[in-house]
Amino acid sequence: MKLLEYQGKQLFRDAGIPIPKGAYLPSLDTFDTIKDRLSYPAVVKAQVLIGGRGKAGGIQFADNDAEAKAQAKKIIGMDIKGHEVKSVYIEEKLDIDRELYVSCLIDRTTRKTLMLFSAEGGIEIESVPEDKIAKVYIDPLTGFSQFHARQALAVLPDGYSKDERKQLAKMLGQLYDAFRSFDCELLEINPLAITKDGQVIAADSKAIINDAAKFRQKKFEEEASEYTELEKEANAQGIAFIQLDGTIGVIANGAGLTMATLDALNEYGGNAGVFLDLGGTDDPDQVARAMRLMKKAKPSLILVNLFGGITKCDTVAKGIREVFEKEGLDCPVVTRIKGTNEKEAKEILKDAGFITTNTLQDAAKKCSELEKQQIKEVA
Amino acid sequence: MKLLEYQGKQLFRDAGIPIPKGAYLPSLDTFDTIKDRLSYPAVVKAQVLIGGRGKAGGIQFADNDAEAKAQAKKIIGMDIKGHEVKSVYIEEKLDIDRELYVSCLIDRTTRKTLMLFSAEGGIEIESVPEDKIAKVYIDPLTGFSQFHARQALAVLPDGYSKDERKQLAKMLGQLYDAFRSFDCELLEINPLAITKDGQVIAADSKAIINDAAKFRQKKFEEEASEYTELEKEANAQGIAFIQLDGTIGVIANGAGLTMATLDALNEYGGNAGVFLDLGGTDDPDQVARAMRLMKKAKPSLILVNLFGGITKCDTVAKGIREVFEKEGLDCPVVTRIKGTNEKEAKEILKDAGFITTNTLQDAAKKCSELEKQQIKEVA
Amino acid sequence: MAVVLTKDSKVVVQGATGHQGTFHIGAMKTFGTNVVAGVTPGKGGQSVHDIPVFDSVQEAVKETGADVSLVFVPAPFAKDAVLEAVDAGVKTVIVITEHIPVHDAMDFVNYAKAKGVTLIGPNCPGAASPGENIKVGILPGMIFEPGPIGIASKSGTLTYEIVNALTEAGIGQTTCLGLGGDPCQGTNFIEALELFQADDETKGIVLVGEIGGTAEEEAAEYIASGKVTKPVYAYIAGRTAPEGKKMGHAGAIVQGDKGTAESKQKAFEAAGVKVAKFPTDIAQFVKADLGSA
Amino acid sequence: MAVVLTKDSKVVVQGATGHQGTFHIGAMKTFGTNVVAGVTPGKGGQSVHDIPVFDSVQEAVKETGADVSLVFVPAPFAKDAVLEAVDAGVKTVIVITEHIPVHDAMDFVNYAKAKGVTLIGPNCPGAASPGENIKVGILPGMIFEPGPIGIASKSGTLTYEIVNALTEAGIGQTTCLGLGGDPCQGTNFIEALELFQADDETKGIVLVGEIGGTAEEEAAEYIASGKVTKPVYAYIAGRTAPEGKKMGHAGAIVQGDKGTAESKQKAFEAAGVKVAKFPTDIAQFVKADLGSA
């Protein structure tokens, strides 16, 4: 779950990390309720889950309430790279002297927290030279210790005062603790600002909360989402469902097998429109729910690729059959079924008019041919 | 540093552990200021660092303010096993159904925290049969986890409700966290009470805070001490100084060597009155300060046993000489000096009239003989 | 021999009395696995398929000498279960549970590693050594045959396909390790390669990777360094996955230009690893190199 | 050979620029110790006795290949220093600092152990292997001679007495390990016995114990189990210490009837260990058994 900037700032505040004075404006008509929390000059910032909002006009300045409200009005409703702006965050404009960068993320290789720190902030970290980024690995068995802060601050050039270094070291420890206690996958401060009067302060926030930890992270609601409505519906049902650019719906059991099915389809020129992973289920009801989601995505045809292990092919087939019989399927279905109770599954689906194939390659080839035909027919 | 019961209760409250309602009465004349924090029936408890205060009359009951004040008056000033009662703690009398036991301590063997838990509380844990005590080892690398609570609660007999088990599990986790965050060497709840209405509550407290962690544990002041006035003075100067039953003052460098010197003395029938470890110092000023402390303890004679390694015997000798010359020593001194700059040290002390010996055995023997002579002379 | 699991392994199942635990204790016993104990707190004294259930892993280990723990415990309690198993002294922990918070996984993976415990998973199907008559986890038993190939995989069903194709081609397996599809794995490709390289019976190694992270690239580097002398074959799922989407597994995500199938394929090929276009091609590659077992 | 420290050991000193650090870098160099680096945060680029000082252990290890760290860092910062050394990849950490909070010591002792790092101390004088020309810590160099005796001790000066008496009696030492007088030790008597038992050059072992804890009793049990075949000699300080008083060392305390010298002496004697009444008697015992070296 990605947090909007203002939520990330709340998270920082809870962690003791200094943030500029500011207020969240969920909609224009509530402006009066936040007025007394504003201080000018102020920045009015679009709350969207996408970078580059400044260039897109999503960050504006204001010197008084009237201006702030006018800017908010201008920004709310904007479309920034496909993201509609629904709200703004208004905060005091900082008198920034230097912009730094810090983030925590999960390093898969070492299986530790990786803290990146650089004196070059305010830009994408990818554009900063490697030798100007400190990479600090933090073992979960010990947590953050002062030597981690020293390792990070070692990349600072001359000209940082003792007090600034002290504030930074403190903030790094707080960031790590927040990264853990809020179950983050990413927690970034960019820019990490040092003001002209020497205050170290988080000028922006980027936070991703680990979806698997949502059950114990209830403080933040998902206010903006990159998921489509259908994807959200699927998530709620515990089904891995992703909408893609093409038109063919792919159903398989297991994430790896589903990806492999997409890949095979692509090899033959097919274009997948839905990734639907049944996972380990062979509960016909769950399969039927998945089929219904697939129908809603209106695929031009459906490719079912099953490998039955502990999962039984026939019970999966029952779920598919049920939707087919009771609710109908208005597109061709290509099946490839292999493994446990393969024969029984084929028997169940035999008079449904599905196209049966024996290998993934055959199934993918068949689908691609059908898709080309459909496109021709439409044309 | 040992905490008084009321301080331990404050520690528990900070840790979220339920405690009875109560108030600390540092002296009788402040009774009126705590009146509104009392609830009756109440228990008035002597605040001393020694067990068995109940049997000694240090725990009394009261049904109203007048009785409470009267009981406090009776208890304050009492002598319990050599400990003068200076204050009382007055708390609500619990309607106790069952008494349990839990403690955390440092296990030297495993180098982990050892949690002891038993359904048999209210008595010394030493008198509880081994098989009724759960011993749970907690690795500092992981901290407390629910399986530790399950291991502890496994010794509970039948008859504990699900809710009671849940309260207990929670309290064990809180106790462990408090044990760590307050740098304890021992943290004990005995009895851990379950009231007739099913509330789990800490009815008493015993806490020892690690002296080495005092620099970061400033919440609690040392209100009662087992140390003598001279020992406290020595502690404040960073000198290991312990008053013992005998009359011979022993000075050596290093705790092990000082103990070995006491032991040798004892082998020859001598009775040590002071253990004074100079540690690794050879700063003449620090040695002089140590000698002055020794003088204040009025030993009948002084045994100086030095082994010079990195520490130089001559600089130690200088410190001794300085006190001897400027302030005088009114008892015989027996020395045994060995190691680095042994010769120079002997030279420095040669005309001071000290008795010099070559081995620890000789020195111990000589001291014991002198002591016996002194006793005879007095008699 | 085999790696991780041998016929001497004694298995305790954490989360034994749930639906999944009960079913798979039966399936494992059928396969020949020496399941010696189950654990479900509060259900000590019961039994599942004649296997005694204990309240704690400590007790189970004490009473039965179990040295491998299989964890089916639900995600919120999985960390506690793994720490309990490690402290109880088992040598191997296999975690099937999916959707475990990633910081919990980091905690227990690092703790297990520090204590010298081999951890497989989380979010994995388990492991099987067919020649030793042992499988621990949820892998289907009928696809395996004893033979010379070691398999390490991030994906469940996809691996079953590949193993099944190997078996159908007459090529058996020493051990199949399901490493799991989460970002934080107890055992990664390099560690699996070390195990298989050291195992005399393993003559060839199959790696089933997918998009996300750089474990495949690191494995390729390890192979290229000369530390692996046995032939290695690979399949990588997710060549057509779009950027920024988690493809069913928490770890299967291309971020910017990082974690792409293309990068992994290139790295493997540069290290002399044959990369298959379709999962079942692996069996043909191996057969061509080794002949049928 | 010797244990823990050999002539190949490369030493980095944490807290190099303080009074103690500076003095002992000089003393160690004189003894022959290969001190390769110092570390004091903020003082990187300086040097002490011609030894380069770095800002971090990581940097020191990278630049010099140091594999032993000696910690003089003040107590409040000692935990951070040890964690830094362990993460920097050294194989041995020797902690001289005294008065370290016991929970800090538990943390770093467990972490070092989990990472396979040998930790000696805290609150110890260090270690010396005279035949390898190396001492790491604050032990006086002139008392040592190469020879066949291994020593492990809870006490500093007392050990110097005993080593000095051995040397004067013509009996040298393989390695002398100062284990420290704190309740939580990185290396205890049993671990020291394991090391000395495995060292071919060590022909006899001296343990210098004191009141407090049960490390001596456990060592006695370990010896009695037959795992130590070399002769063991012991001295125990604190026979006359009163109950409940910490005798100079944080760990030297008799609590109730636990941790008494009597109990330790009995346990040792039951295990066949000769226990000396006076420190210097040890040399006579060893001489009688082994003859002069």
Side-chain angles (χ1 to χ4, degrees), chain A residues 106-109 111-113 126 139-141 179-181 183-185 210-217 226 238 240-246 252-267 271-272 275-277 279-280 306-311 338-340 359-361 364, chain C residues 23-24 27 75-76 98-107 109-111 113-114 138-140 142-143 153-161 164 181 183-185 188 208 210-215 218 235 237-242 244-252 256 261 277-280:
Chain A
I106 310 270
D107 184 63
R108 295 181 178 205
T109 306
R111 301 155 224 194
K112 303 200 191 316
T113 294
E126 286 77 12
D139 194 318
L141 298 180
F179 182 67
R180 296 263 320 169
S181 62
D183 275 306
C184 297
E185 289 178 9
N210 182 216
D211 285 333
K214 268 184 183 167
F215 70 90
R216 64 187 180 199
Q217 293 298 344
E226 296 170 304
F241 178 101
I242 299 161
Q243 288 190 288
L244 305 165
D245 291 335
N253 56 333
L257 192 60
T258 315
M259 278 190 270
T261 310
L262 294 188
D263 293 347
L265 201 54
N266 187 63
E267 285 297 326
N271 296 295
F275 165 105
L276 197 163
D277 167 18
L306 292 183
F307 185 88
I310 299 295
T311 304
K338 175 103 185 160
T340 308
T359 67
L360 173 56
Q361 286 91 318
Chain C
F23 177 84
H24 286 289
E98 59 177 338
H99 302 312
I100 294 177
V102 66
H103 285 280
D104 286 4
M106 279 213 293
D107 286 353
V109 161
N110 277 284
Y111 189 62
K113 238 182 152 43
I138 59 171
L139 318 101
M142 78 285 185
I143 59 172
S153 167
K154 281 182 172 181
S155 161
T157 345
L158 184 53
T159 307
Y160 310 161
E161 278 266 14
N164 189 65
C184 182
Q185 296 171 315
N188 62 22
V208 183
E210 65 188 23
I211 51 163
T214 51
E218 287 148 21
Y235 177 81
R239 295 195 296 273
T240 51
K245 297 264 186 188
K246 283 190 186 168
M247 302 300 284
H249 284 157
K277 199 175 267 182
F278 300 102
T280 47

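The chains referred to below are lettered A, B, ... by the order of the sequence lines, with proteins before strands, and numbering in each begins at 1.
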Contacts of A:Thr113 that satisfy side-chain hydrogen bond (donor to acceptor under 3.5 Å, both in side chains) - sequence neighbours left out: none
Sequence neighbours excluded, the answer for side-chain hydrogen bond (donor to acceptor under 3.5 Å, both in side chains) partners of A:Thr258 is none
Find the distance between [atom1] ([X]) and [atom2] ([Y]) and round it off to the nearest 0.5 Å.
| X | Y | atom1 | atom2 | answer |
| --- | --- | --- | --- | --- |
| A:Asn266 | C:Thr240 | CG | OG1 | 5.0 Å |
| A:Asp277 | C:His249 | CG | NE2 | 7.0 Å |
| C:Lys245 | A:Glu226 | NZ | CD | 7.5 Å |
| C:Glu161 | A:Thr261 | CD | OG1 | 8.0 Å |

Is it the backbone or the side chain of [X] that comes under 4.5 Å from a heavy atom of chain C, or both, or neither?
| X | value |
| --- | --- |
| A:Thr359 | neither |
| A:Phe307 | both |
| A:Ile310 | both |
| A:Lys112 | both |
| A:Ala240 | side chain |

Please flag which part of [X] lies under 4.5 Å from any non-hydrogen atom of chain A: side chain, backbone, both or neither.
| X | value |
| --- | --- |
| C:Glu98 | neither |
| C:Ala114 | side chain |
| C:Ile143 | side chain |
| C:Glu218 | side chain |
| C:Pro279 | side chain |
| C:Lys277 | side chain |
| C:Val109 | side chain |
| C:Ser155 | side chain |

Under 3.5 Å: donor-acceptor pair, side chain of [X], backbone of [Y]:
| X | Y | value |
| --- | --- | --- |
| C:Asn110 | A:Pro140 | no |
| A:Asp263 | C:Arg239 | yes |
| C:Asn188 | A:Thr109 | no |

Is any side-chain heavy atom of C:Met247 closer than 4.5 Å to a side-chain heavy atom of A:Leu262?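 C:Met247 reaches A:Leu262 side chain to side chain.
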So which of C:Ser153, C:Gly251, C:Ala250, C:Cys184 has the biggest tally of heavy-atom pairs under 4.5 Å with chain A?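 Option with the top pair count is C:Gly251.
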Out of C:Asp104, C:Thr280, C:Thr214, which one racks up the most heavy-atom pairs below 4.5 Å with chain A?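 The option with the most such pairs is C:Asp104.
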Can you name the nearest heavy-atom pair linking C:Pro101 to A:Arg216, along with the distance? CB-NH2, 3.3 Å
Which heavy atom in C:Gly248 sits nearest to a heavy atom in A:Ile242, and how many Å separate them? N-CD1, 4.3 Å
Carboxylate-amine/guanidinium contact A:Asp139 C:Lys113, below 4.0 Å: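 Salt bridge: no.
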Please work out whether the ring planes of A:Phe179 and C:His103 are parallel, tilted or perpendicular, with thresholds of 30° and 60°. perpendicular
